[in-house]
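Everything below concerns the one structure shown next.
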Amino acid sequence: MTNHKFLEGISLDPYVDGKRLSVSGATHPTFDPATGEVICDVPVSDSSIVNKAVDSSRKALKGAWAKVTPAERSRMLIRIAQEIRLDAERLANVESLDSGKPLREAKGDIETSARYFEYYGGIADKLQGDTIPLGPDFVSFTMHEPIGATAHIIPWNFPLVTTARGLAPALAAGATAVIKPAEQTPLTALMLPYYLERAGVPAGVVNVICGPGSTTGAPLTAHTGISHVTFTGSVATGKAVMLAAASHVSSVTMELGGKSPVVVLADADQDAALEGVLKAIFTNAGQVCSAGSRLVIERSCAEPFLAALVARIKTFTFGRGLDNPDIGPIITHPQLLKIENIVNESIAAGADLIAGGKIAKPEGLGGWFFEPTVLVASDPSTKCVQEEIFGPVLTVQIADNFDHACELADGTEFGLVAGIYTKDVSKALRFSKYISAGQVFINQFFAGGVETPFGGTKNSGFGREKGLEALRAYYSVKTVTARI
Ligand code: NAI
Ligand code: MG
């Protein structure tokens, strides 16, 4: 392990049934993507540990967790939020080091993680059923029961905050959980048990196991003891997880990729739109499922807008996340090469490169960086229009008018989010009705927060996280009807 001061005392061992298991055998490295150096080697949880974790979650479900009243569950969740906030500085530094994201973004993620526990803490004691009127001879009512032991497969781009997004509503609904962080960014998930214990969460309610998808994720999602799988990641892995879940008839939440449009109309506040577009694509170097990776802009305002966009990009700094650059590193070398390939193939297919386009090598850093890049594509079938790049690459599509902008915006197999900048309320609302997307942002990209339901349509997946909607995944409804 490197001697980074924020890593002192973090146990890398899987957390199962309230204890750290010491595991011998295979390990996997986690890297600092800015330097390309190994931060530490993390023990791999194989299927025997997966089994122990699932067994522990199932035991806790009917045991210790069932005895905790909803009111106390509520207080526990709020205490978890407090514990996270108390250690926020350290968590943000570890998250930034492990994932490469700029420290200010990591700080935002940690606060949002705390906020999830606080938000769902507020509802844990208010999840109540209905009574159903059937006339004088019957009494009928519904009960909300915890869905069971749940599996959470976490991606590397938002490690702790994606964990909190699924875990907090699961716990609020009385379910238990096995968390598998991404092998590229396991550290903050490994810190989580510390806060859970201080908040009084009983052993077995949350288990954290680490390892690659093949050794740890696959046996977890295929385990017959798992009642729901919450997955965030690629479309291909999402399909594999759905098949695994189907084998034991478990429900799933699928938060998959996107190729989300940001529409800028000529009547929009162009300065606000520019800030929105920059944030939409360059947050976390574009490694965001809901990134606004396509700018669809009306022809009449395109030229000055693109000139201003390119001028701003030229001022961007690169660096380690911990040094708070504009653009941090790409998570892995293969991911860097994937970005380079799609950019090169798109240029070869006719897209115009107007900024960036190459792997970057900031001085003194041996890690994985890509220049902020802008491609203008007139053919909607070009790869940079259709494929999720997951890097700092913006594809521009020029629209003749509003209707054409709507058509271009809707022209991919994805449907996660969509943004529009305009002063015309009717156009904004027409667009909102027209577009296939789980959420629409009007005049502010990424508008909303933990309170606003989030999820996809088409290849971007299904099921909703965040807000009250997320809770539905974690309880089942039992109807009791009596003839009296
Ligand atoms: P991935 O989908 O393979 O990995 C996500 C998670 O799934 C990780 O925890 C991984 O260990 C786990 N996993 C992998 N195979 C599994 C299996 N068979 N069963 C259960 N769990 C499994 O994504 P990866 O390889 O990290 O990135 C590839 C592409 O996916 C990216 O370039 C990006 O386009 C997309 N992606 C989208 C994300 C989103 O937020 N929607 C997040 C991460 C990646
Ligand atoms: Mg790492």
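On a predicted model such as this, the values are computed, not experimentally measured, just so you know. Each ligand, and each atom within it, is numbered from 1 in the order the structure gives. The figures that follow rest on heavy atoms only: side chains count, while hydrogens, waters and symmetry mates do not.
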### Query
Looking at Glu469 and Arg472, does any basic side-chain N land under 4.0 Å from a carboxylate oxygen?
yes
### Query
So what's near the Mg ion (ligand 2), protein N, O or S atoms under 2.8 Å?
Thr30 OG1, Phe31 O, Asp98 O, Asp98 OD1, Gln184 O
### Message
Can you tell me which residue among Phe370, Phe369, Phe282 is in a ring pair (Phe, Tyr, Trp, His ring centres under 6.0 Å) with Phe316?
### Response
Phe282
### More than 12 heavy atoms of other groups within 6.0 Å of Lys338 NZ
yes
### Message
Salt bridge check, Asp87 against Arg90: does any charged N sit closer than 4.0 Å to a carboxylate O?
### Response
yes
### Test of ring centre spacing under 6.0 Å for Phe390 and Trp156
yes
### Query
Around Tyr194, counting heavy atoms of other residues, nucleotides and ligands shown, do more than 12 lie under 6.0 Å from its OH?
no
### Sole candidate of Thr185, Asn284, Leu336, Asn157 that passes side-chain contact (heavy atoms from CB on, under 4.5 Å) when paired with Ile331
Thr185
### Summary
The residue among Thr163, Val178, Leu171 that forms side-chain contact (heavy atoms from CB on, under 4.5 Å) with Val206 is Leu171
Extract all N/O-N/O pairs under 3.5 Å that connect ligand 1 to the protein, and present each with both atom names and the distance rounded to 0.1 Å.
| residue | atom | partner | partner atom | Å |
| --- | --- | --- | --- | --- |
| ligand 1 | 2 (O) | Ser234 | N | 2.8 |
| ligand 1 | 2 (O) | Ser234 | OG | 2.8 |
| ligand 1 | 2 (O) | Thr237 | OG1 | 3.3 |
| ligand 1 | 3 (O) | Thr237 | OG1 | 2.8 |
| ligand 1 | 9 (O) | Ile154 | O | 2.8 |
| ligand 1 | 9 (O) | Lys180 | NZ | 3.2 |
| ligand 1 | 11 (O) | Lys180 | NZ | 2.9 |
| ligand 1 | 11 (O) | Glu183 | OE1 | 2.7 |
| ligand 1 | 11 (O) | Gly213 | N | 3.3 |
| ligand 1 | 19 (N) | Ala218 | N | 3.4 |
| ligand 1 | 26 (O) | Trp156 | NE1 | 2.6 |
| ligand 1 | 32 (O) | Gln335 | OE1 | 2.9 |
| ligand 1 | 32 (O) | Gln335 | NE2 | 3.0 |
| ligand 1 | 32 (O) | Lys338 | NZ | 2.6 |
| ligand 1 | 34 (O) | Lys338 | NZ | 3.0 |
| ligand 1 | 34 (O) | Glu388 | OE1 | 2.7 |
| ligand 1 | 40 (O) | Asn157 | ND2 | 3.4 |
| ligand 1 | 41 (N) | Gly233 | O | 3.3 |
| ligand 1 | 41 (N) | Leu256 | O | 3.1 |

### Query
Which value, rounded to the nearest 0.5 Å, describes the distance between Leu103 atom CG and Leu97 atom CG?
10.5 Å
